[in-house]
Amino acid sequence: MSESLGFGQCSKIEKSDISHVWEKVTVPLGERSYDILIGPGLLLEVPSRLKEVYDGPGPFVITDSNVRDFIGEDFIRFLRDEGFKDAKILSFEAGERSKNIETVIKLARELVNIGADRTSLLLALGGGVVGDICGFLASIYMRGIPFIQLPTTLLAQVDSSVGGKTGVDIPEGKNLIGTFAQPRAVYADIGTLTSLSQAEIRNGISEIVKYGMIKDEGLFTLLEEKWWDVLNLEPHVTASVVKRSCEIKAEVVSKDEREGGYRRILNFGHTIGHAVEAASNYTIPHGEAVAMGMVAVGKISVGRSLLSKKAYQRLVELLNRFGLPVDIPKEIRPEEVLLNIKKDKKVKRGKVNFVLSKGIGETVIVDDVTDEEVLRAI
Ligand code: GLY
């Protein structure tokens with residue numbers, strides 16, 4: 001399989017039979033650079049594009065039970081129609097509970113049994129759990145085979161499908177086993193988002209607000225002005241906010257692929273957010289927990305006179321408009337949140353890194369936030 005999927009140098013790809021323009025973002029990582037294509041109807045395009053660059057066994061689509069029923073079988077038909085006669089689909093039960101090493105081993109054994117070899121290609125069709133499992137499996141199967149991300153949730157399109165973090169959970173914590181493995185391409189078909197619930201859309205929007213907060217006041221202002229279009233997935237606005245989010249993530253990942261330092265800014269709101277998620281026994285969705293986390297670090301930032309009260313208020317108001325929670329529910333004990341923060345895998349020699357806000361679009365990473373500051377903020 002060639003390094004690139006043959007998108008050429010054009011920044012936009014026109015398709016005459018669909019009256020829109022697809023957007024392209026490149027993740028610049030030298031030999032491992034890849035393109036993210038964004039737009040409606042892209043999944044239909046994948047088989048013919050693959051045909052130009054791939055003639056190995058498969059490809060093998062990894063998905064979950066929901067996506068398999070929804071579009072998985074159709075997608076396999078498109079692949080077969082394009083001449084990939086031995087294309088197959090492998091699935092596991094939908095949900096974070098499947099994100100474990102047993103699922104990976106089961107899928108690996110199925111791959112061996114259906115003849116996947118070192119030249120095979122995996123396609124991750126689904127949300128974040130599918131992308132993380134498929135990416136991890138691809139990175140270790142026969143010491144590593146290529147994979148492509150086909151994210152079908154907003155959260156996966158703006159975050160988890162980009163940047164090469166893969167992995168599974170263990171009882172001791174989420175994502176504690178994993179690899180960095182970049183996909184060969186990402187096709188974010190925004191048409192697939194129309195089947196998502198409002199809760200799933202909000203989950204992704206929280207990450208988009210994060211990108212505005214850490215890097216781009218223009219994106220933040222766009223969200224303030226077009227919040228209704230964002231919530232209702234108006235195609236042009238959706239394509240533009242997904243593109244901007246991917247550009248920001250691509251820029252950060254290209255500077256610090258393995259999170260030596262700079263990539264940590266992507267964890268804005270996540271240190272407290274993850275701790276709240278865990279304290280709720282994962283009943284609070286990721287995006288909602290991140291929204292609460294962003295507000296909490298916003299308060300800490302205001303307390304340190306880094307962030308103006310006015311900017312903090314803009315954050316709270318924007319999250320409110322999207323129906324995202326800004327307060328941590330009373331049943332979550334602050335002491336437990338604090339304990340979880342200290343157990344986070346990113347804690348180094350007892351020091352917890354917090355990404356604070358210096359204004360909309362600007363951050364600073366500190367490691368001296370006190371327990372009292374956290375408790376006051378939550
Ligand atoms: N989701 C954070 C990162 O990819 O680094």
Side-chain angles (χ1 to χ4, degrees), residues 25-29 32-34 36 96 99 124 126-136 138-139 147 149 151 153-169 173-183 186 188 200 202-216 219 241-278 282 284-294 297 341 344-348 352-357 363 365:
V25 174
T26 300
V27 185
L29 286 167
R32 289 171 302 112
S33 297
Y34 57 95
I36 306 162
E96 182 82 26
K99 203 174 129 178
V129 173
V130 169
D132 283 6
I133 288 182
C134 179
F136 182 50
S139 72
F147 69 106
Q149 293 275 14
T153 64
L154 189 55
L155 184 70
Q157 293 189 355
V158 298
D159 184 17
S160 57
S161 69
V162 177
K165 281 189 180 174
T166 84
V168 292
D169 306 334
K174 284 177 78 171
N175 299 320
L176 289 184
I177 295 180
T179 54
F180 283 100
Q182 300 295 342
V186 181
E200 285 171 303
R202 281 199 294 270
N203 231 0
I205 290 175
S206 188
E207 296 288 345
I208 302 173
V209 173
K210 175 196 81 178
Y211 289 117
M213 280 302 290
I214 62 171
K215 270 270 167 204
D216 187 357
L219 172 62
V241 295
V242 172
K243 181 187 183 201
R244 189 64 199 118
S245 302
C246 289
E247 279 173 348
I248 294 170
K249 183 139 189 194
E251 192 252 321
V252 173
V253 168
S254 69
K255 289 194 176 135
D256 178 21
E257 187 182 1
R258 290 180 169 249
E259 203 167 304
Y262 182 55
R263 185 168 176 162
R264 287 189 199 134
I265 68 169
L266 297 174
N267 296 327
F268 180 72
H270 284 60
T271 307
I272 293 177
H274 283 151
V276 170
E277 254 183 298
Y282 296 97
I284 297 180
H286 179 73
E288 292 189 12
V290 168
M292 297 172 201
M294 287 194 285
V297 286
I341 289 172
D344 194 289
K345 67 177 178 300
K346 295 187 177 86
V347 174
K348 289 208 173 65
V352 184
N353 282 303
F354 275 90
V355 185
L356 300 184
S357 174
T363 56
I365 300 176

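One-based numbering, in listed order, for ligands and for the atoms of each. Values reported hereafter were calculated over all heavy atoms of this structure, with side chains retained and with hydrogens, waters and symmetry mates removed.
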| task | Using a strict cut-off of under 4.0 Å between a residue heavy atom and any atom of ligand 1, list the qualifying protein residues by chain and number. | result |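 If the criterion is a heavy atom under 4.0 Å, then ligand 1 touches Asp159, Lys165, Lys249, Glu259, Arg263, Leu266.
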Can you name the salt bridge (charged side-chain N to carboxylate O under 4.0 Å, His left out) partners of Glu247, sequence neighbours left out?
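Partners of Glu247 under the salt bridge (charged side-chain N to carboxylate O under 4.0 Å, His left out) test: Lys243, Arg244.
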inquiry  = For Glu288, give me all partners under salt bridge (charged side-chain N to carboxylate O under 4.0 Å, His left out), at least two apart in sequence or on another chain.
reply    =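 Once residues adjacent in sequence are excluded, Glu288 has no partner under the salt bridge (charged side-chain N to carboxylate O under 4.0 Å, His left out) criterion.
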Candidate list Gln149, Glu257, Arg32, Lys165, test side-chain hydrogen bond (donor to acceptor under 3.5 Å, both in side chains), partner Gln182, passing option: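 When Gln149, Glu257, Arg32, Lys165 are each tested with Gln182, the side-chain hydrogen bond (donor to acceptor under 3.5 Å, both in side chains) holds only for Glu257.
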Paired with Lys249, the side chain to side chain contact (heavy atoms under 4.5 Å, CB included) test is passed by just one of Val158, Val27, Leu266, Val25, namely Leu266
Pick out which of Val129, Leu176, Ile177 makes a side chain to side chain contact (heavy atoms under 4.5 Å, CB included) with Val168.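 Testing each of Val129, Leu176, Ile177 against Val168, the sole residue satisfying side chain to side chain contact (heavy atoms under 4.5 Å, CB included) is Ile177.
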Contacts of Val290 meeting side chain to side chain contact (heavy atoms under 4.5 Å, CB included) (sequence neighbours excluded), chain-then-number -> Ser206, Glu207, His270, His286, Met294
